[in-house]
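Accompanying notes for the structure given below.
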Protein chains: 2
Amino acid sequence: MAKRKEQLKLGAFLLFTGHHVAAWRHPKAQPDSEFQDFVKLAKLAEAAKFDAIFFADGVGVRLDDPDAASRKAHNGTYPFEPITLLSALAAVTENIGLIATASTSFSDPYNLARQFASLDRLSGGRAGWNLVTSSDAGAALNFGHDAHLLHGDRYERAQEFADVVLGLWDSWEDDAFPRDRESGRYFDRDKLHVLNHRGKHFKVRGPLNIPRSPQGHPVVVQAGASEAGKELAARTAEAIFAAQITLDEAVAYYADVKGRLAKYGRSPDDLKILPGVHPVIGRTESEAREKFEELQALIQPEVGLNLLANLSGGVDLSQYPLDGPLPELPETNGGKSRQALLIELARRENLTIRQLYLRIAGARGHWQLVGTPEQIADQLEERFENYGADGFNLMSPINPGGLTDFIELVVPELRRRGLFRSEYEGKTLRENLGLKRPTNRFAATEAVAAAE
Amino acid sequence: MAKRKEQLKLGAFLLFTGHHVAAWRHPKAQPDSEFQDFVKLAKLAEAAKFDAIFFADGVGVRLDDPDAASRKAHNGTYPFEPITLLSALAAVTENIGLIATASTSFSDPYNLARQFASLDRLSGGRAGWNLVTSSDAGAALNFGHDAHLLHGDRYERAQEFADVVLGLWDSWEDDAFPRDRESGRYFDRDKLHVLNHRGKHFKVRGPLNIPRSPQGHPVVVQAGASEAGKELAARTAEAIFAAQITLDEAVAYYADVKGRLAKYGRSPDDLKILPGVHPVIGRTESEAREKFEELQALIQPEVGLNLLANLSGGVDLSQYPLDGPLPELPETNGGKSRQALLIELARRENLTIRQLYLRIAGARGHWQLVGTPEQIADQLEERFENYGADGFNLMSPINPGGLTDFIELVVPELRRRGLFRSEYEGKTLRENLGLKRPTNRFAATEAVAAAE
């Protein structure tokens, strides 16, 4: 197969002390709870020319199992809220993209559109919005709900939410603010556009009260892998943080999603697919294996079972023998796609409950690699060259060590192979990801009208 | 009269190119629309040992009079949203307080509590929340409403909103996160408190998913001057940005609000009253007068009339002769206190409509001073020593000139008189404002119970 012309993209998915579920107990992990810890990680990723740093989010502490929650860092609490954290990091970085997760289920499109537009302007065009829906019923209780929306309704609301946000981001044309001291015109009324959205879930007049950003608008990111999630991504997303584990799954997912773009008038290049990868890197295979086992030994059984409950949509497995097989799981409203991945994994590898939680505890359901820099690079290259990915979202097992290992050992190997940049291509996140700058929908319409 | 023991407090209310309505047309005003413009202003204020920088906010472009809106900077658009802007500024400052306005009318208490807590933690305990209600019917249209809430309802919602936010900020005790690697305990369940709020406007379970901040929680700021606003402030606020113009009004307001604190179990020192002041400073009186007239000459009549409409709660005065008297104004739902101040001013000074807009255009209804550094310092000292203020919120006519004039000319004069600090007293905004650190309500209850 011919080598792909373009290079691969890299995101750094920064999470607390690390992505491994027991990372926080590791003696070399940083606490990750101070702002300066995040400054250090962001600057490391920027020096290595990563496209973006990325933060997950949630809006509730997981109290379904308080004992398990109290034994892990990934319990629903966060040291900082992502939009404020990325705004602060924008001030101390210059090139790296800044992608924050924010849910469409419990926020308001006007406020969200405005904060992301502000982050985008603050950072000179480096913002991205990871659009998610929330499946956590506990979170719903923090927002006046008694129970949570069904899966389909969440996505319907999400699509309308995205339509409103994208519409608001076109409220002003790029040159709408002449600020002409002589004539006394601060803005040009002809370049102001009122959205007047009236839909099923939202009624929003507009305009947004913030000018358009240097990259047009923030990059829209998505993660959904269900049917509704893939359709939303094909219509709206410009990058996807995917979660397929095998090469075959990744290639099928890639073809499936890219194949859906045409019906929305989009080209395959308009959407980058970036699977998560959780690499444990050693200079030798045995060093990598030792590093991995050292982390695995820190996993508490209460945490392992709770992890399975979360990934399976709330199913309590504590009544089943730890060393017996995974029982049939009932259907739930939450996280359909993750539940399917979990069952598929257990069946394929014939795992007991204990083996299953140990198997996925590290990457928490994502793609896990344990090996030398060359082995890791081989795996990434294979997935990239076979169109299973346009790049990867690095989920370091522990911070900062997992990130520095990847930067010092794997990035140089990727560069030797011509797979990754040595310098940023542009100033904005779009320019670096190879995404086109969106034209303002209203300006475009007028240009067409004028040409007719 | 004995001199007050404490020194006065200073906030820098940063607004675009400046507070004067025509500031943006002044040849020496900076555009103020780039992030680095705000970095410069924040660092200037911090070097001068100001207690805080402060940002106003709104959630809609004022489209009632699009022509007037397009002729001014204060049209409801903002270069940045305040919470994101202050988060970014937190990363490049060390001591100065960071106060953002956010409305209780169109946001959600869980999201707002979390973002301010995050800003507070990012900045090492320097955040403040200026709690406002929104009277702008145009803004309501951006949030699914057909019309806006009546004045009383807005304040009822605001009080419940504040109760929820303050409750959420006590979700975790100060030492709730031992992160003990040996025992495997990340957080202490006994130091986690679930709010379970069920009120008329909100139903919020909690807990907030972010640890408590170094200063306990952000400083709560208020600005309301109506009866409902004063009561909300007395119950909840720790600082007030007041807007009285004469010394008598200021002293009466100060005594009124401080007198309301006891019934909520609070001491007069628990709330700082900081009126806005808009000083035009010259080395001589005639230089100050010239500077002022130069700005006034830049005011467009369309803007002056629109300013009066905004301050009077939407009344259109364009049908009345510009050089005739202010007519009787009908009662409105919006901004009662500002309308009363406006009428009082016109009657007291017997002003025509044109004279009225020219009279208030600079400070837009706030306290305006034109004079030498000594004259300005005299006025501030008089108001402070007579208990009309605990300090001031500086509304510079233009930026950066108005701020640098104040710092270079007035601040040294205040220091010579022993009225203002030369070094920060503490690390947090609370420590500098002289406010006590709030105990966690749940922890306090337990301590009392244990002592009984």
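Below, chains carry the letters A, B, ... as their sequence lines are ordered, and counting in each starts from 1. Just so you know, these numbers use all the heavy atoms, side chains as well, and skip hydrogens, waters and symmetry mates.
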Query raised in the report: With only heavy atoms counted, which part of B/V92 is less than 4.5 Å from chain A, the side chain, the backbone, both or neither?
Result: side chain

Requested in this report: Let me know if B/L208 has heavy atoms under 4.5 Å from chain A in its side chain, its backbone, both or neither.
Outcome: backbone

Requested in this report: Mind checking the OG1-CZ spacing from A/T77 to B/F177? Nearest 0.5 Å is all I need.
Outcome: 4.5 Å

Report summary line: Okay, B/Q36 and chain A: the region with an atom under 4.5 Å from a heavy atom over there is neither

**Report entry** Residue pair A/L122 / B/F35: nearest heavy atoms and the distance that separates them
**Finding:** CD2-CD1, 3.2 Å

Requested in this report: Nearest 0.5 Å please: distance from the CD atom of A/E81 over to the CZ atom of B/F116.
Outcome: 11.5 Å

Query raised in the report: Non-hydrogen atoms of chain B under 4.5 Å away: do they reach the side chain of A/F202, the backbone, both or neither?
Result: neither

Query raised in the report: Of the listed residues (B/W172, B/W24, B/Y78), which shares the most heavy-atom pairs with chain A below a 4.5 Å separation?
Result: B/W24

Query raised in the report: Of the backbone (N, CA, C, O) and the side chain (C-beta and beyond), which part of B/A90 lies under 4.5 Å from a heavy atom of chain A, both, or neither?
Result: neither

**Report entry** Proximity breakdown for B/F38 and chain A, heavy-atom pairs closer than 4.5 Å
**Finding:** neither

Query raised in the report: Pick from A/S70, A/G144, A/A73: which one has the most heavy-atom pairs with chain B under 4.5 Å?
Result: A/S70

Requested in this report: Counting only heavy atoms closer than 4.5 Å, note whether B/H201 contacts chain A via side chain, backbone, both or neither.
Outcome: neither

Report summary line: Of all heavy-atom pairs linking A/R205 and B/V61, the shortest is NH2-O, 4.0 Å

**Report entry** A/S118 versus B/T84, side-chain donor and acceptor atoms under 3.5 Å
**Finding:** yes

Query raised in the report: Side chain, backbone, both or neither: which part of A/H26 has a heavy atom under 4.5 Å from chain B?
Result: backbone

Query raised in the report: Any idea which of A/A91, A/P211, A/G124, A/G184 has the most non-hydrogen atom pairs under 4.5 angstrom with chain B?
Result: A/G184

Requested in this report: Would you mind telling me which of B/K203, B/R121, B/R181 has the largest number of heavy-atom pairs within less than 4.5 Å of chain A?
Outcome: B/R181

**Report entry** Segment of B/V164 engaging chain A (4.5 angstrom heavy-atom cut-off)
**Finding:** neither

**Report entry** Contacting region of B/N142 [heavy-atom separation from chain A under 4.5 Å]
**Finding:** both

**Report entry** Sequence-distant partners of A/D163, side chain to side chain contact (heavy atoms under 4.5 Å, CB included), two or more places apart
**Finding:** A/Q159, A/R235

Query raised in the report: Would you say A/E34 has more than 12 foreign heavy atoms packed within less than 6.0 Å of its CD?
Result: no

**Report entry** Contact winner vs chain B - A/G76, A/S183, A/S107, heavy-atom pairs under 4.5 Å
**Finding:** A/G76

Query raised in the report: With respect to chain A, which residue among B/D188, B/V303, B/N75 yields the maximal number of heavy-atom pairs within a distance under 4.5 Å?
Result: B/N75

Query raised in the report: Is it the side chain or the backbone of B/A29 that comes within 4.5 Å of chain A heavy atoms, both, or neither?
Result: both

Report task. First locate atom CZ of B/R25, then atom CZ of A/R185, and finally report the distance between them rounded to the nearest 0.5 Å. Result -> 11.0 Å

Query raised in the report: Is it true that A/R71 and B/D180 make a salt bridge, defined as a side-chain N closer than 4.0 Å to a carboxylate O?
Result: no

Query raised in the report: For chain A, which of B/A117, B/P109, B/G60 has the most heavy-atom pairs under 4.5 Å?
Result: B/G60

Query raised in the report: Relative to chain B, which of A/P82, A/P66, A/S123 shows the most heavy atom pairs under 4.5 Å?
Result: A/P66

Query raised in the report: What residue in B/L119, B/N111, B/L192 has the most heavy-atom pairs under 4.5 Å with chain A?
Result: B/N111

Query - Leading residue by heavy atom contact count with chain B [cutoff under 4.5 Å; candidates A/L168, A/L63, A/T17, A/V39] - result: A/L63

Query - Segment of A/V194 engaging chain B (4.5 angstrom heavy-atom cut-off) - result: side chain

Query raised in the report: Measuring heavy-atom distances to chain A, does B/A69 have an atom under 4.5 Å in its side chain, in its backbone, in both, or in neither?
Result: both

Query raised in the report: Measuring heavy-atom distances to chain B, does A/Q115 have an atom under 4.5 Å in its side chain, in its backbone, in both, or in neither?
Result: both

Query raised in the report: Do B/D108 and A/F143 have side chains that get closer than 4.5 Å, going by heavy atoms?
Result: yes

Query raised in the report: Who wins among A/L195, A/D67, A/L298, A/I83 for the most heavy-atom pairs under 4.5 Å with chain B?
Result: A/D67

Report summary line: When the 4.5 angstrom heavy-atom criterion is applied to B/F80 and chain A, the contacting part is both

Report summary line: When the 4.5 angstrom heavy-atom criterion is applied to B/S171 and chain A, the contacting part is neither

